[in-house]
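First the proteins, then the strands, lettered A, B, ... as listed; each starts at 1.
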Number of protein chains: 2
Amino acid sequence: MDVKTVCLGMLSDGEASGYDLKKHFESTFGHFFAAGYGSIYPALSALLADGFVACREESQSGRPDRKVYRITDAGRQALCHSLNTSKPGHKVRSEFMATMCFAHLMDEKQLDRLLQHRIEEADEYLRMFDEIESTCMHDWPAGKKFVCGFGRALTEATKKYIEENRDLVCERPATQRSASG
Amino acid sequence: MDVKTVCLGMLSDGEASGYDLKKHFESTFGHFFAAGYGSIYPALSALLADGFVACREESQSGRPDRKVYRITDAGRQALCHSLNTSKPGHKVRSEFMATMCFAHLMDEKQLDRLLQHRIEEADEYLRMFDEIESTCMHDWPAGKKFVCGFGRALTEATKKYIEENRDLVCERPATQRSASG
DNA sequence: ATCCCCATGTAATTTGTTACATGATTGA
DNA sequence: TCAATCATGTAACAAATTACATGGGGAT
């Protein structure tokens, strides 16, 4: 499942512009599937060429024109087929964990910074989940609620683990740390 | 932090061949940082060109020759510098979650398959963590232990969440499900 | 003044994946 | 006899990120 398919899925919930989709990627999809304009706009062009979406241009006063995309019947069919036949993966690429493997080569300040940063990022996500739950989640389909809860569970587990285990890598005798660079 | 740096880090724990590194990627690093031969061998060539590793060719009877790489002083310095200055990310790319967002467009069999598959993958990882903990973890540095525990915590949270919430998306009235394709 | 929001897109670059190419040995 | 393990590497391909390019309106 690539950016193209995710865009198609988003459009199955209602029409939107590329700019709108980016917002959606940043907010509700941000914690598990990132995409920038450089992927979204080409994806929409490809979907249009495939006949999976249709496009209408909207003029706005004092604003740039926007291209509003909506899914077609063919698009809906292709989406369903894709969802029902694919074997979706779940990949983590954590430079953080890779770095932590070599904690003994880092100085304590950097180590602290990294752990602190990760906790703060977790807090940001938790605030986001709170907001989603208190505003738009009520009219979401079950699948999206499941995913939101999943994100929260993983984020909470992350925060808890780091808080409970940071002394495993910090607060060691200074001699174990080597000088940097 | 790219494959090149992770390879360099692995070599800071002791010399190894590209084949050995691949094994390492598959086992202990597999749950958070994937790399295939297509990335590893070019990475080693680049590290050699940079002077960050040295290489010795070993002839073996009845086996292909192996190129054993070891880190140099310059390499160790570069690694430390990289570890102490980088801002490592932690990215999740979950086609699984993206797919689950559109659970209402899937048939129940596919939904069951996906959830089951995810639980099985979690179980595999848990077995891996068990093995690591009972065999090699005792002589690991604190950072690696931290990462292993982190992986276990996330995997357990994953399994728990899916088991406790799968009825959110499954076992719904059949009318909510649309036909596929 | 300056920055952010709106809004679209292309091009270059980076990065990683997959397939290809080779070949002896060992165990089932 | 067949598959797996050991062992290295290249080339083609796919995919996403980053930078570039443009420009008015509104808030501080």
Side-chain angles (χ1 to χ4, degrees), chain A residues 1-8 11 15-27 29-30 32-49 53 55-69 82 86-95 98, chain B residues 1-8 11 15-27 29-30 32-49 53 55-69 82 86-95 98:
Chain A
M1 187 179 231
D2 52 8
V3 175
K4 208 174 131 183
T5 315
V6 179
C7 287
L8 190 59
L11 291 173
E15 52 178 39
S17 67
Y19 192 83
D20 295 332
L21 292 183
K22 175 72 182 343
K23 288 276 152 121
H24 211 206
F25 270 108
E26 277 170 359
S27 57
F29 277 60
F32 65 86
F33 207 107
Y37 291 125
S39 325
I40 295 170
Y41 286 120
L44 288 171
S45 301
L47 288 170
L48 195 63
V53 300
C55 179
R56 152 174 58 92
E57 257 168 288
E58 243 179 33
S59 291
Q60 298 181 123
S61 57
R63 298 252 160 114
D65 295 354
R66 40 190 272 129
K67 289 188 178 180
V68 181
Y69 295 85
S82 166
S86 68
K87 295 210 167 190
H90 177 92
K91 285 178 190 167
V92 177
R93 185 176 196 87
S94 182
E95 297 175 345
Chain B
M1 188 179 230
D2 52 7
V3 175
K4 208 174 133 185
T5 315
V6 179
C7 287
L8 190 58
L11 291 172
E15 51 178 38
S17 67
Y19 192 83
D20 294 332
L21 292 184
K22 176 72 181 343
K23 288 276 154 124
H24 210 205
F25 271 107
E26 276 171 357
S27 56
F29 277 61
F32 64 87
F33 207 107
Y37 292 126
S39 327
I40 295 169
Y41 286 121
L44 287 171
S45 300
L47 288 170
L48 195 63
V53 300
C55 179
R56 151 175 59 94
E57 255 167 291
E58 242 178 34
S59 292
Q60 297 180 123
S61 57
R63 299 255 158 113
D65 295 354
R66 43 190 270 130
K67 291 189 176 178
V68 181
Y69 295 87
S82 166
S86 67
K87 296 211 167 189
H90 177 90
K91 286 177 191 169
V92 177
R93 184 175 196 88
S94 182
E95 298 174 343

Open item on the list: If you compare all heavy atoms of B:K67 against all heavy atoms of B:C55, which two are closest, and at what distance to 0.1 Å?
Closed with: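 Taking every non-hydrogen atom into account, CB-SG, 3.7 Å.
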
Looking at [atom1] of [X] and [atom2] of [Y], how far apart are the two atoms once the value is rounded to the nearest 0.5 Å?
X: B:I40; Y: B:S45; atom1: CD1; atom2: OG; value: 12.0 Å
X: A:C7; Y: A:K22; atom1: SG; atom2: NZ; value: 12.0 Å
X: B:R56; Y: B:S17; atom1: CZ; atom2: OG; value: 10.5 Å
X: B:L8; Y: B:Y69; atom1: CG; atom2: OH; value: 13.0 Å

TODO: Report yes or no: does B:D2 contribute a side-chain atom to a donor-acceptor pair with the main-chain N or O of B:T5 at less than 3.5 Å?
DONE: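 Looks like yes, one N/O pair under 3.5 Å.
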
Open item on the list: Is it the case that the side chain of A:E95 and the backbone of B:G89 share a donor-acceptor pair, with hydrogens and angles ignored and the cut-off at 3.5 Å?
Closed with: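 Yes, A:E95 side chain to B:G89 backbone: donor-acceptor pair under 3.5 Å.
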
Open item on the list: Going by the rule ring-ring contact (aromatic ring centres under 6.0 Å, His included), which residues pair with B:F32 if we only count those two or more places apart in sequence or in a different chain?
Closed with: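 Counting only residues at least two positions away or on another chain, B:F32 forms a ring-ring contact (aromatic ring centres under 6.0 Å, His included) with B:F29.
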
Open item on the list: Whole angstroms only, please: what is the CZ-P distance between B:R56 and D:dA7?
Closed with: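 Value for this atom pair: 13 Å.
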
Are there any protein N/O atoms within less than 3.5 Å of an N/O atom in nucleotides 5-9 of chain C, and if so, which ones and at what distance?
residue	atom	partner	partner atom	Å
C:dC6	OP2	A:Y19	OH	2.9
C:dC6	OP2	A:K23	NZ	2.5
C:dC6	O5'	A:Y19	OH	3.4
C:dA7	OP1	A:Q60	OE1	3.2
C:dA7	OP1	A:Q60	NE2	2.5
C:dA7	OP2	A:R66	NH1	3.4
C:dT8	OP1	A:K67	N	2.8
C:dT8	OP2	A:Y19	N	2.9
C:dT8	OP2	A:Y41	OH	3.0
C:dT8	O5'	A:Y41	OH	3.4
C:dG9	OP1	A:K67	NZ	2.2

Between protein and nucleotides 14-17 of chain C, what N or O pairs are separated by less than 3.5 Å?
residue	atom	partner	partner atom	Å
C:dG16	OP1	A:R93	NH2	2.8
C:dT17	OP2	B:S39	OG	3.4

